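Below, read A as the first sequence line, B as the second, and so on, with proteins coming before strands; counting in each chain starts at 1. Here the structure is a predicted model, which means the values were calculated and not measured.
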Amino acid sequence: MNPADSTLPERYDPQALEAKWQAIWDAEEAFRAEPISRDGVAPTVPDRPKAYVLEMLPYPSGEIHMGHVKNYTMGDVVAHFRRRQGWLVFHPMGYDAFGLPAENAAIKTGRPPAEVTRQNIARIREQLRTLGFSIDWQTEIATCDEEFYRWTQWLFLRMFEKGLAERREAAVNWCPVDQTVLANEQVIDGACERCGTEVEIRQLSQWFLRITDYAQRLLDDMDTLVDWPERVLTMQRNWIGRSEGARVTFTTDDGAHDIPVFTTRPDTLFGATFFLLAPEHPLVPQLVAGRPEAAAVTEYVRQAARADIADRSAAERTKTGVFTGRHVVNPVNGEHIPVWVADYVLMDYGTGAIMAVPAHDERDFAFARTFDLPIRRVVAAEGVSPDEPMETAEPGDGTMVNSQILDGMGVDAAKTAIAAWLSEHKLGEATIGYRLRDWLISRQRYWGAPIPIIHCDGCGPVAVPDDQLPVRLPEVDDYAPKGMSPIAAAEDFVATICPTCGKPARRETDTMDTFVDSSWYFLRYTAPHLGTAAFEREVVDYWLPVDQYIGGIEHAILHLLYARFFVKVLHDLGYVGFIEPFARLFTQGMIYRDGAKMSKSKGNVVPPDEIIARFGADTLRLYILFMGPAADDAEWSDHGIEGQRRFLDRVWRLVVGQEGDALVDRPSLDALRDEPAALALVRKAEATTAKVTDDIGERFSFHTAISAIQELVNDATKARAEGALQGPAGAQALRFATQAVVSALFVFAPHIASELWDRLGGERLWVAPWPEVDQVFLARESVTIAVQVNGKLRDTLEIPAGLDDGAVAARAKESPKVQAAIDGKQIRREIVIADRLVNLVVG
RNA sequence: GGGGGCGUGGCGGAACGGUAGACGCGACGGUCUCAAACACCGUUGAGGGCAACCUCGUGUGGGUUCGACUCCCACCGCCCCCACCA
């Protein structure tokens, strides 16, 4: 290298240098990973440890925000770190490109969603490149591309074949503004997740994926197969909502209808004093037909359908209901109890009918009080008599009373006993209920993957043959929904012939929920442009499961649950060899400013582009991780980012004057024998590398790793300024420490580190092996120990490391400060923790 | 109502039962400058002392321990998820 090149400018200029290194990475395809599946190429799977590092793919809304920066920076740190540790790293990127925002923009502006989306993707790609992420760009996919959604459709058809995708009539959530059906999960407090409009209930024929078939496995596999935050596991468990109970069949008093109920308290069966049906229960019209109560019941049902869900589901709300005039028979005691319709009974949980036990259920109690229905105690707590009146429901434990064969038993024993009795008499059985519902994927919207089904009058719903995929999204003029998908207006698209019988038929016009796309995109990265299959088993089995998945907590339930479901289905169908998609998960906190989420309407957005222009991408990456623990929410500070820029300036100045043609080796312990300052600096460098390695690899604690590097920079700068590193050993120690700084800094701030590494005489830092720590330098010759008297710090002592306990205690007792604290009192106990502290217990 | 989490300087945070406050921000003092900004150097938990040092300090109250920010119990205060789920 010629000397002119090796002299650093005094000032750090991030813009020029970041562009330079990004161009080099591009030109060298530095972050490309094999194998990926390609047409006509037989895959070869390496025998090498791999790390699939994945961040949740962005929705291309136009701009990336600080949350993305944090997410992708974390992933990039892990990817760089593992790469340099010698793992084969797969770090792909794509775009979750179907969905409502692009479509709503289309409705407003008339521009096709495909065009808007393409433009947004180009913009986001540019921003990701400006941030210098080590992405394998050959994998880049967009879920709205034909070559992607073709296989989304193909996957749907595999589920359809297995009966896991089915069309059925159901009461569904309908958003009157977005004019589409929503999954239960997309309804928040009775309002549309996207637009906030109150949701209505409609009876419609819709496509469902039978995720409930997998409820138990989704629950079980969490215990053994994933290393996820406890919080997320808990949220998933609660969402699946397993509860053990019994199914019990009640029969109408005319014997015409059996109505099963689900209960978690079969022990209280003798306390059932009335019976409730959900307003949507299919038997309601039949039960009241021709009866005087019919009009009132019909009116109640109508109102329940109209009442928005937020109202209906408010637990505090006064109970409402209407008597049907009918009775059912309690199978355990033959009692005839009245049947009411009440909207607090939900059609889509359990069976849509319940036995009401007011004595031991708060909701039933409230209902009984409102309508003056009888309350019968069947569980008595300690010291309570069987006929003691009740002021409130008592859902707790106790002894069975007023329950014939169960009397005297405890609640748990009674549950077992009654379940046995029910199944013996064929009146019911122990069963398990789940809160999880089937996944409604039909959307009456344009910008999504068309559901590849043809409706034939003769044959019913028929699969589009695989060789006719993709079912292309037709161009339309008007994207506004009118209660049906805008696609329905494309007559050329809709009119077709039945693949089975050849008669005229009509295509399904609903598109799929975009969560379907994101339930398998991570598999497609392994075969991003493969034309012959969605992916190849050999390759997908090599890379998957994802070793480290990173994303927002807001996806803790839906996306992760759906993706897990998809992978299990694909496993069962023999397409993949693993059953969980994401082995390790990290959920990041959000970035706030002025105490609120950044949003345009609040005017508190800090655009990443502006920060990059002012400080450089490296500074932004560093700061976003330095803000605090990565899992926590963090508050953006304009001053805070300046501090990180100052830090990079300090690193720059540390390297100035140390440029050279070759890296130096670690000085030997011997060479440093008479150079205490140099030795201390080398020790610090080694300790720093050890800490950074642990913080990134084991703890996901990036902010402490950065702090550690800052300490090393401070020490090195100070030692140099004090002139403590004069001789050759001193210079080598400083150089070694500086190399350690640059090497560790690289995973956070790759551009400046690559530049400085080059100036120090190294090459290609992104593939340079992660440094090994020489333990010799971590073992200290002397240590500072704390001396406590009765647990209070009284002195610190510098003593040789490894001194035996007795000698350490003796030294401690020699200290005048310690003697003063002992004050002549008797030492009762001496605690010595090697190389750490001594605690003298006196009294 | 059910579940999960968190309370440490002026602020973000560190300390994985062993010297509380690393690192950074801010503030204060200094150097540079005609001056300011930037930059750099220093000080910075509270109280006391000329000082060496001393006392008090991790939401509150108990407990376990030689020793507790850390583990356990109760309370107070915040945050998140689910919620008429039978």
What protein N or O atoms touch nucleotides 26-29 of chain B N or O atoms at under 3.5 angstrom, if any, and at what distances?
unit_1 : atom_1 : unit_2   : atom_2 : d
B/rG26 : OP1    : A/His639 : ND1    : 3.2
B/rG26 : OP2    : A/Arg646 : NH2    : 3.3

Taking any heavy-atom pair under 4.0 Å as a contact, classify [X]: base, sugar-phosphate, or nothing.
| X | value |
| --- | --- |
| A/Arg836 | sugar-phosphate |
| A/Lys718 | sugar-phosphate |
| A/Thr796 | base |
| A/Gly241 | nothing |
| A/Asp638 | nothing |
| A/Arg650 | sugar-phosphate |

Hey, which of A/Phe367, A/Phe365, A/Trp340 is the one that makes ring pair (Phe, Tyr, Trp, His ring centres under 6.0 Å) with A/Phe274? A/Phe367
[X] side chain, from C-beta outward: closest of [options]:
| X | options | value |
| --- | --- | --- |
| A/Pro629 | B/rA86, B/rC85, B/rA14 | B/rA14 |
| A/Leu793 | B/rA14, B/rA20, B/rA86 | B/rA20 |
| A/Trp239 | B/rA86, B/rA83, B/rG4 | B/rA83 |
| A/Glu711 | B/rC40, B/rC85, B/rA22 | B/rA22 |
| A/Arg231 | B/rC25, B/rC80, B/rG24 | B/rC80 |
| A/Ser707 | B/rC40, B/rA22, B/rA86 | B/rA22 |
| A/His703 | B/rA86, B/rG13, B/rU19 | B/rG13 |
| A/Phe626 | B/rA14, B/rC85, B/rG12 | B/rG12 |
| A/Leu346 | B/rA15, B/rC81, B/rA86 | B/rA86 |
| A/Arg435 | B/rA83, B/rC40, B/rA86 | B/rA83 |

Note, [X] side chain near [Y] side chain (heavy atom, < 4.5 Å):
| X | Y | value |
| --- | --- | --- |
| A/Met390 | A/His360 | yes |
| A/Phe270 | A/Ile418 | yes |
| A/Ile785 | A/Val832 | no |

Would you kindly give the [atom1]-to-[atom2] distance between [X] and [N], to the nearest whole Å?
| X | N | atom1 | atom2 | answer |
| --- | --- | --- | --- | --- |
| A/Asp695 | B/rA22 | CG | C1' | 12 Å |
| A/Asp633 | B/rG4 | CG | P | 20 Å |
| A/Arg645 | B/rA39 | CZ | P | 10 Å |
| A/Ile553 | B/rC82 | CD1 | C1' | 13 Å |
| A/Leu277 | B/rC84 | CG | C1' | 16 Å |

Residues, nucleotides or ligands: over 12 heavy atoms within 6.0 Å of [X] [atom1]:
| X | atom1 | value |
| --- | --- | --- |
| A/Arg614 | CZ | no |
| A/Arg650 | CZ | yes |
| A/Glu362 | CD | no |

Any side-chain to backbone donor/acceptor pair from A/Thr249 onto A/Asp258? Under 3.5 Å, distance only. no
Before giving the answer on salt bridge (charged side-chain N to carboxylate O under 4.0 Å, His left out), spell out for A/Arg811 and A/Glu798 the whole-Å C-alpha distance, their side-chain angles and the decisive distance to 0.1 Å. CA-CA 10 Å; A/Arg811 293 262 197 124; A/Glu798 187 77 13; over 6 Å; no
Determine: side-chain N/O of [X] to OP1/OP2 of [N], distance under 4.0 Å, yes or no.
| X | N | answer |
| --- | --- | --- |
| A/Lys792 | B/rA20 | no |
| A/Asn714 | B/rG24 | yes |
| A/Arg794 | B/rU55 | yes |

Less than 6.0 angstrom from the centroid, inside 45 degrees of the normal: does A/Lys319 satisfy that with respect to the ring of A/Tyr344? yes
A/Ala801: partners by side-chain contact (heavy atoms from CB on, under 4.5 Å), with sequence neighbours left out: A/Val783, A/Asp835
With salt bridge (charged side-chain N to carboxylate O under 4.0 Å, His left out) as the criterion, how do A/Asp649 and A/Arg645 come out once you've worked through the C-alpha distance, each side chain's angles and the decisive distance to 0.1 Å? CA-CA 6 Å; A/Asp649 284 331; A/Arg645 174 53 194 267; 3.4 Å; yes
Conformer about C1'-N of B/rG9 - syn within 90° of 0, anti elsewhere: syn
Residue of the set A/Leu837, A/Leu840, A/Val818 for which side-chain contact (heavy atoms from CB on, under 4.5 Å) holds with A/Gln788: A/Leu837
Output, in order, the C-alpha distance, side-chain angles, deciding distance and verdict of salt bridge (charged side-chain N to carboxylate O under 4.0 Å, His left out) for A/Lys597 and A/Asp633. CA-CA 10 Å; A/Lys597 214 172 145 173; A/Asp633 292 341; over 6 Å; no
List for me each residue that meets salt bridge (charged side-chain N to carboxylate O under 4.0 Å, His left out) alongside A/Asp695, sequence neighbours excluded, and say none if there are none. A/Lys691, A/Arg699
For a salt bridge (charged side-chain N to carboxylate O under 4.0 Å, His left out) check, start with the C-alpha distance between A/Lys813 and A/Glu830, then their side-chain angles and the critical distance, and finish with the verdict. CA-CA 10 Å; A/Lys813 281 180 274 187; A/Glu830 297 172 3; 2.5 Å; yes
Check: A/Arg437 side chain, B/rC85 base, donor-acceptor under 3.5 Å: yes
Polar-atom pairs under 3.5 Å, protein N or O versus N or O of nucleotides 64-71 of chain B: list them with distances, or write none.
unit_1 : atom_1 : unit_2   : atom_2 : d
B/rC66 : OP1    : A/Arg829 : NH1    : 2.9
B/rC66 : O2'    : A/Asn839 : ND2    : 3.2
B/rC66 : O2     : A/Asn839 : ND2    : 2.7

For A/Gln644 and for A/Glu362, find the nucleotide of RNA chain B with the closest heavy atom, then tell me which residue's nucleotide is more 5'. A/Glu362
Between A/Ser701 and A/Ala634, name the one whose nearest nucleotide on RNA chain B is closer to the 5' end. A/Ala634
Extract from the structure each pairing of a protein N or O with an N or O of nucleotides 45-53 of chain B at less than 3.5 Å, listing the distance.
unit_1 : atom_1 : unit_2   : atom_2 : d
B/rC53 : OP1    : A/Lys817 : NZ     : 3.4

In what stems does RNA chain B take part, counting only runs of at least 3 consecutive Watson-Crick or G-U pairs whose two distances fall under 3.5 Å? B:1-7 with B:76-82, B:10-12 with B:23-25, B:26-31 with B:39-44, B:45-48 with B:53-56, B:59-63 with B:71-75
